[in-house]
Novice: 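Input: one structure, supplied below.
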Number of protein chains: 2
Amino acid sequence: MSDLKAYIRKRKKSDVEFREGFEEAYKAFKIGVLLKEAREASGLTQEKMAEKLHTRKSAISRIENHAEDIRLSTLEKFASALGRSLEISIR
Amino acid sequence: MSDLKAYIRKRKKSDVEFREGFEEAYKAFKIGVLLKEAREASGLTQEKMAEKLHTRKSAISRIENHAEDIRLSTLEKFASALGRSLEISIR
DNA sequence: AACGATGTTCACGTATACGTTAACATAGTT
DNA sequence: AACTATGTTAACGTATACGTGAACATCGTT
């Protein structure tokens, strides 16, 4: 019986971890898509974008695919390179 | 608003550096103030905020005063600790 | 099939954000 | 004045984002 409780506890814990991990990954996904859409809306390839930011296309790919862990300054540069501006608020 | 005056007074140590770095510094200032106001709106001191984020008050101070170069994940944690959410858009 | 354009992933070195401690500043209180 | 609460700054070690080059995967085109 205590085995069952332990199992349930463990199961719930893993569910929480899964959900938290999922939400974090989803946020990264959202921001990455935001950046990708902004770039494509300007008709730029990752390579052209890389030139504007004085870096390489691999870096652009990484930014768009791991956007949760980029710096705000990087996000700012990305937007500026597209002639656009960031809007950040806390709701 | 006296915060802004103190900030500018501080930045005026060198007018040249002040002008050159103003835009970037001002963005950091804006985000820092955003975070600080969000924290104070929840009635938290930097020390209480530090407890929620499992870190120290000095880290909170640094976040609020050098906010341009923090990671998105850090910004996310800050908002989550206040039970709030980030809104990021590119305009 | 071969090719070019575009995007992804990996590995490695460098730059820098973050965690922590300590010292210091500045209010307000006793 | 001494004390308390709050916030700032500097220094140091660690974690990780970033710059870079190379290899690879998918496309559509010839």
Side-chain angles (χ1 to χ4, degrees), chain A residues 20-21 24-25 27-82 86 88, chain B residues 1-14 17-18 21 24-82 86 88:
Chain A
E20 288 175 348
E24 193 173 329
K27 284 170 191 164
F29 175 74
K30 274 195 308 184
I31 297 171
V33 169
L34 193 72
L35 294 176
K36 181 174 184 173
E37 287 178 351
R39 172 177 60 80
E40 291 176 340
S42 294
L44 295 174
T45 64
Q46 287 185 348
E47 193 150 28
K48 291 295 181 187
M49 190 67 186
E51 288 175 14
K52 282 183 174 287
L53 289 172
H54 305 100
T55 181
R56 312 293 171 177
K57 61 178 182 174
S58 59
I60 305 301
S61 176
R62 185 171 52 196
I63 286 172
E64 292 180 357
N65 289 290
H66 302 88
E68 176 70 7
D69 282 336
I70 64 177
R71 296 176 196 150
L72 276 185
S73 57
T74 303
L75 189 54
E76 187 73 46
K77 288 173 192 168
F78 199 102
S80 295
L82 297 176
L86 276 183
I88 299 178
Chain B
M1 200 38 102
S2 58
D3 282 342
L4 179 58
K5 288 183 180 177
Y7 176 80
I8 290 179
R9 207 182 312 124
K10 201 169 167 186
R11 286 285 167 176
K12 274 192 173 174
K13 285 178 187 169
S14 161
E17 289 177 3
F18 175 78
E24 194 175 332
Y26 183 64
K27 286 170 192 166
F29 176 75
K30 274 197 306 185
I31 298 171
V33 167
L34 193 70
L35 294 176
K36 181 174 183 175
E37 287 178 350
R39 172 177 60 79
E40 291 177 340
S42 294
L44 295 175
T45 64
Q46 288 186 346
E47 194 150 29
K48 291 296 181 188
M49 189 68 185
E51 288 175 15
K52 281 181 174 289
L53 290 173
H54 305 101
T55 181
R56 312 293 171 177
K57 61 179 182 173
S58 60
I60 305 301
S61 177
R62 186 172 49 196
I63 286 173
E64 291 179 359
N65 288 290
H66 301 88
E68 176 69 7
D69 282 335
I70 64 177
R71 295 176 197 150
L72 275 186
S73 57
T74 302
L75 189 53
E76 187 73 46
K77 290 174 192 168
F78 199 102
S80 294
L82 296 176
L86 275 183
I88 299 179

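Residue numbering restarts at 1 for every chain, and letters A, B, ... go by the order of the sequence lines. Heavy atoms only: backbone and side chains are in, while hydrogens, waters and symmetry mates are out.
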Novice: If you define the side chain from C-beta out and look only at heavy atoms, does anything of A/Thr74 sit under 4.5 Å from A/Leu53?
Specialist: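 A/Thr74 vs A/Leu53: side chains apart.
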Novice: Can you list, in residue-number order, the parts of residues 50-58 of chain B that come under 4.0 Å of DNA chain C, counting heavy atoms only?
Specialist: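 Close to the strand are B/His54, B/Thr55, B/Arg56, B/Ser58.
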Novice: What is the separation between atom NZ on B/Lys48 and atom C1' on D/dA5, rounded to the nearest whole Å?
Specialist: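 Taking NZ of B/Lys48 and C1' of D/dA5, I get 11 Å after rounding.
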Novice: Heavy atoms, side chains only, cut-off 4.5 Å: are B/Ile70 and B/Arg62 in contact?
Specialist: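 With C-beta onward as the side chain, the pair stays apart.
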Novice: Which nucleotide wins on minimum distance to the side chain of B/Arg62, given the candidates C/dG19, D/dA15, D/dT8?
Specialist: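 Nearest listed nucleotide: C/dG19.
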Novice: Grab the CD1-P distance between A/Ile60 and D/dC18 for me, whole Å please.
Specialist: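 Nearest whole value for this atom pair: 10 Å.
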Novice: Counting only side-chain heavy atoms from C-beta out, which of C/dA17, C/dC18, C/dT8 sits nearest to B/Asp69?
Specialist: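 Of the candidates, C/dA17 comes closest.
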Novice: Under a 3.5 Å distance rule, please check whether B/Arg71 uses its side chain to pair with a backbone N or O of A/Asp69 as donor and acceptor.
Specialist: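 Not at all, since once roles are kept as given, no pair shorter than 3.5 Å links the two residues.
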Novice: From C/dC18, D/dC18, C/dT8, pick the nucleotide closest to the side chain of A/Arg71?
Specialist: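 Between C/dC18, D/dC18, C/dT8, the one nearest the side chain of A/Arg71 would be D/dC18.
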Novice: How many Å lie between CD on B/Glu37 and P on D/dG7, as a whole number?
Specialist: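 After rounding, the reported distance stands at 14 Å.
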Novice: Looking across every strand, which nucleic acid part, if any, lies under 4.0 Å from B/Ser61 by heavy atom: base, sugar-phosphate, or nothing?
Specialist: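 Base contact - B/Ser61 has a heavy atom under 4.0 Å of at least one base atom.
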Novice: Estimate the overall bend of the helix from C/dA1-D/dT30 to C/dT30-D/dA1 from the end axes over five pairs each, rounded to 10 degrees.
Specialist: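 Roughly 30°, once rounded to the nearest ten degrees.
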Novice: What are the two closest heavy atoms between A/Lys57 and A/Ala50, and how far apart are they?
Specialist: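 Between these two residues, the closest heavy atoms are N-CB, 3.5 Å.
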Novice: What's the CD-P distance between A/Glu47 and D/dT20, to the nearest Å?
Specialist: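 My rounded result for the distance is 14 Å.
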Novice: Reading DNA chain C from 5' onward, which residue's closest nucleotide shows up sooner: A/Thr45 or B/Ala59?
Specialist: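 Checking each residue's closest nucleotide, the 5'-ward one belongs to A/Thr45.
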Novice: Report the distance from atom CD of A/Gln46 to atom P of D/dC27, rounded to the nearest whole Å.
Specialist: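 These atoms are roughly 16 Å apart.
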Novice: Quick one: are B/Ile60 and B/Phe78 in side-chain contact, heavy atoms under 4.5 Å?
Specialist: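 Contact flag for B/Ile60/B/Phe78 side chains = yes.
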Novice: At their closest point, which heavy atom of B/Leu72 faces which heavy atom of A/Ala67, and how far apart are they?
Specialist: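 Result for this residue pair: CD1-O, 3.3 Å.
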Novice: Measure across A/Glu64 and A/Arg39 and return the closest heavy-atom pair with its distance rounded to 0.1 Å.
Specialist: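 Looking at all heavy atoms of both residues, the shortest contact is OE2-NE, 2.6 Å.
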Novice: Roughly how far, to the nearest 0.5 Å, is CD of A/Glu37 from OG of A/Ser42?
Specialist: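 Taking OG in A/Ser42 and CD in A/Glu37, the distance rounds to 12.0 Å.
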Novice: Has A/Asn65 got a side-chain N or O lying under 4.0 Å from the OP1 or OP2 atom of C/dT8?
Specialist: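 Yes, within the criterion.
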Novice: Rounded off to whole Å, could you give me the CE-to-P distance for the A/Met49 and C/dT6 pair?
Specialist: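 So the two atoms are 15 Å apart, to the nearest Å.
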Novice: Measure NZ/B/Lys77 against C1'/C/dG19 and give the value in whole Å, please.
Specialist: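 In whole Å, C/dG19 C1' and B/Lys77 NZ are 11 Å from each other.
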Novice: What integer distance in Å separates B/Ile70:CD1 from C/dG19:P?
Specialist: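 Interatomic distance, CD1 of B/Ile70 to P of C/dG19: 11 Å.
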Novice: Tell me the closest heavy-atom pair linking A/Ile31 and B/Ile88, and the distance in Å.
Specialist: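 Result for this residue pair: CD1-CD1, 4.4 Å.
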